[in-house]
Amino acid sequence: MYDQLKGFRDFYPGEQSARREVTDTIEAAAKRYGFREVATPALERTQMYTDKSGEGIVEELYSFTDQGGRDVALTPELTPTVARMVVAKGQELSKPIKWVSTRPFWRYEQVQQGRFREFYQTNIDVFGSAEPEADAEVLAVAADALTSLGLTGDDFEFRVSHRDVLGGLVRALAADPDAVDTADAIRAVDKRAKIDEAEYLTLLEEAGLDRTTAREFDDLIVGVDGVDDLDAVAEAGGEDVEAAVENLRAVLAAADDFGAGEYCDVSLTTARGLDYYTGVVFECFDSTGEVSRSVFGGGRYDDLIESFGGQPTPAVGVAPGHATLKLLCQRAGVWPDETLETDYYVLSVGDTRAEAARIARDLRALGHVVEADLADRGFGGQLGYADSINAETTVIVGEQDLANDEVTIKEMASGDQTTAPVAEFPPEAGRPTYDDYA
RNA sequence: UCCGGGUUGGGGUAGUGGUUAUCCUUCAGCCUUGUGGAGGCUGAGACGCGGGUUCGAUUCUCGCACCCGGACCCA
């Protein structure tokens, strides 16, 4: 026996069928909005990540030198790759570009609940539109995906914020706007919920706000509990903040029209740790608070494509991670059933293989899941196996049945059985069961 | 990287410094080439890995691996 690698998981048929269902549901929601599926490599040049995030990032990567001497890394996220793809096509792609992709990613980090070293995400991104409708559509797709999974507004909420509101407010309040580090201030906001007040205020001070201003800033962002409360923030800030507030309002108004309004709350204490976010940012939280960390997040990253050498291209996206999503679904009681299902088991006994195989093939041609004996089991053994795969109906093709030009149709749940003429089974269409012949 | 808790057949467990490691379940076969989810019989299958202490270690001890939480981090 070999040990598994820490943070890497195997998925057996039961769990995988549930994961497949969830993945398909999320992707189907995105595809209804016209998001097109893309597929991307598992390896990229390490430099693509170090350029953006510094050399320190290497410690978080699975990186190595390949046989040709290239420094490469397993992709820790999709955004740089899709940015590279957009840049590579130049003007060729019509805007807005709307892409969806579900894939594993790899990060060398500590394993915790809902966090693994190999993890799956569905990335949903829009490139080439700075309009609030683009942000709102991303929110709407995310909400649509979650509700398609059976979740409701009682289960989750999107906390929507805006980096330029936060950054602009910090600069507007500061005694010396040029002395403040808005990125640091935003990072402090991002940590607000996890640290105590003194630490938080210290971080804001280090970002360039004096103690009094820091409190004033915090009072302002905490005071926002709804769209109407944004007025006070707009007043306190300058023109930049007013514009950002206007943008945030526009996004929320569009989200309302797009059907996602009921899931969105304004929350300026949400910031996202990532430096490349530029405008609207949001995080999805478990409403019950049982999933302690954010389920997933997203936001606008208008400068990234340009920084990759492309035309200035605004972008906004969201990336639900499937591990935390599973926790959310399980706590809401909507995680798909992990038991396997089989439509038909075709039981062959005696010298009936040819006829049994014909029936199995015909049933499969109708689109059903059909199993037959591969292990040379006896009658009882085959029924036991049919049980173990949760067969709904067993079609008994025995010598006695065929002697009467019949097959026996058995409903496994009840044990009831009847016969059907072998020449007419299965019919041209449909999903024949015991009830059709009883 | 750090802290806490774990690891005994496939799953769940009992137990012990010393004979053939307990029980339930599972799986396979048989009773049963014509009826499964009941029963009976037979069989398969485990002390995570390595070092130390010891006459002897699954048991005590140390290290490592992996698992479950948590801190840090979270692109």
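Proteins come first, then strands; the chains are lettered A, B, ... in the order of their sequence lines, and each starts at number 1. Since the model is a prediction, treat every value here as computed from it, not as a measurement. All values below were derived from every heavy atom in this structure, side-chain atoms included, with hydrogens, water molecules and symmetry-related copies excluded.
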Self-check item: Integer-rounded Å distance: B:A75 P and A:Phe119 CZ
Solution: 11 Å

Exercise. In whole angstrom, give the distance that lies between atom CZ of A:Phe308 and atom P of B:A75.
Key: 16 Å

Quiz item: For residues A:Ser267 and A:Asp265, is any side-chain donor paired with an opposing acceptor at under 3.5 Å?
Solution: no

Quiz item: Parallel, tilted or perpendicular: which fits the ring planes of A:Phe105 and A:Phe119, with parallel below 30° and perpendicular above 60°?
Solution: tilted

Practice problem: Nearest-nucleotide wise, let me know which of A:Thr79 and A:Lys6 is further upstream toward the 5' end of RNA chain B. | Solution: A:Lys6

Quiz item: Say you draw a straight line from CZ of A:Phe35 to CG of A:Asn123; how long is it, rounded to the nearest 0.5 Å?
Solution: 11.5 Å

Self-check item: Sugar-phosphate, base or nothing in reach of A:Tyr385, heavy atoms under 4.0 Å
Solution: nothing

Self-check item: B:U8 to B:A14 separation - C1' atoms, rounded to the nearest Å
Solution: 10 Å

Self-check item: Parallel, tilted or perpendicular, as decided by the 30° and 60° cut-offs, for the rings of A:Tyr301 and A:Tyr276
Solution: tilted

Quiz item: Stems in RNA chain B: runs of 3 or more consecutive Watson-Crick or G-U pairs, distances under 3.5 Å?
Solution: B:1-7 with B:65-71, B:10-12 with B:23-25, B:26-31 with B:39-44, B:48-52 with B:60-64

Self-check item: Among A:Arg192, A:Lys191, A:Arg211, A:Arg215, salt bridge (charged side-chain N to carboxylate O under 4.0 Å, His left out) partner for A:Glu197
Solution: A:Arg215

Quiz item: For atom P, what is the distance between B:G17 and B:U42, given to the nearest Å?
Solution: 31 Å

Quiz item: Between B:A75 atom C1' and A:Tyr108 atom OH, what is the distance in whole Å?
Solution: 18 Å

Self-check item: Value in whole Å for how far the P atom of B:G10 lies from OH of A:Tyr12
Solution: 12 Å

Exercise. Verify the distance criterion only: is there a donor paired with an acceptor across the side chains of A:Asp401 and A:Thr408 at less than 3.5 Å?
Key: yes

Quiz prompt | Side chain A:Arg115 and base B:C73 donor-acceptor under 3.5 Å | solution = yes

Quiz item: Is A:Leu304 touching bases, backbone alone, or none of the nucleic acid, heavy atoms closer than 4.0 Å?
Solution: nothing

Exercise. Would you classify A:Lys191 as touching base, sugar-phosphate or nothing, given that sugar-phosphate means primed atoms plus P, OP1 and OP2, and contacts are heavy atoms under 4.0 Å?
Key: sugar-phosphate

Quiz item: Taking atom P in both B:U58 and B:G48, what distance in whole Å separates the two?
Solution: 9 Å

Quiz item: Whole Å only: how far is the CG atom of A:Leu5 from the P atom of B:A65?
Solution: 12 Å

Quiz prompt | Atom pair distance, as rounded to whole Å: CD1 in A:Ile195 and P in B:C74 | solution = 12 Å

Self-check item: A:Asp144 and A:Tyr33 side chains, donor-acceptor separation under 3.5 Å
Solution: yes

Exercise. Rounded to whole angstrom, note down the P distance from B:C47 over to B:G11.
Key: 12 Å

Quiz item: In whole angstrom, what separates A:Gln113's CD from B:A71's P?
Solution: 10 Å

Quiz prompt | Gap between atom CZ of A:Phe282 and atom CG of A:Leu139 - 0.5 Å precision | solution = 4.5 Å

Quiz item: Should we count CD of A:Gln16 as having more than 12 external heavy atoms under 6.0 Å?
Solution: yes

Quiz prompt | Per-nucleotide protein contact string for nucleotides 29-38 of chain B, where B marks a base within reach and S marks sugar-phosphate only (heavy atoms under 4.0 Å, - for neither) | solution = S---SBBBB-

Quiz item: B:C67 and B:G29: how far apart are their P atoms, nearest whole angstrom?
Solution: 34 Å

Practice problem: Take atom C1' in B:G12 and the same atom in B:U7, then report the distance between them in whole Å. | Solution: 14 Å

Quiz item: Taking the nucleotide of RNA chain B with the closest heavy atom to each, which residue, A:Lys194 or A:Gly7, is nearer the 5' end?
Solution: A:Gly7

Quiz item: What nucleotide among B:A75, B:C72, B:C68 has an atom nearest to a side-chain atom of A:Gln112?
Solution: B:C72

Quiz item: Could you give the CD-to-P distance, from A:Glu60 to B:C73, as a whole number of Å?
Solution: 11 Å

Exercise. Can you establish whether the number of heavy atoms outside A:Asp66 located under 6.0 Å from its atom CG is more than 12?
Key: yes

Quiz prompt | Whole-Å C1' distance, B:G70 and B:G63 | solution = 23 Å

Quiz item: What distance, rounded to whole Å, do you find between the two C1' atoms, one in B:A44 and one in B:G10?
Solution: 11 Å

Exercise. Quick one: list whatever passes side chain to side chain contact (heavy atoms under 4.5 Å, CB included) with A:Pro312, sequence neighbours left out.
Key: A:Glu306

Quiz item: Just checking A:Gln4: base, sugar-phosphate only, or nothing, at a heavy-atom cut-off of under 4.0 Å?
Solution: sugar-phosphate

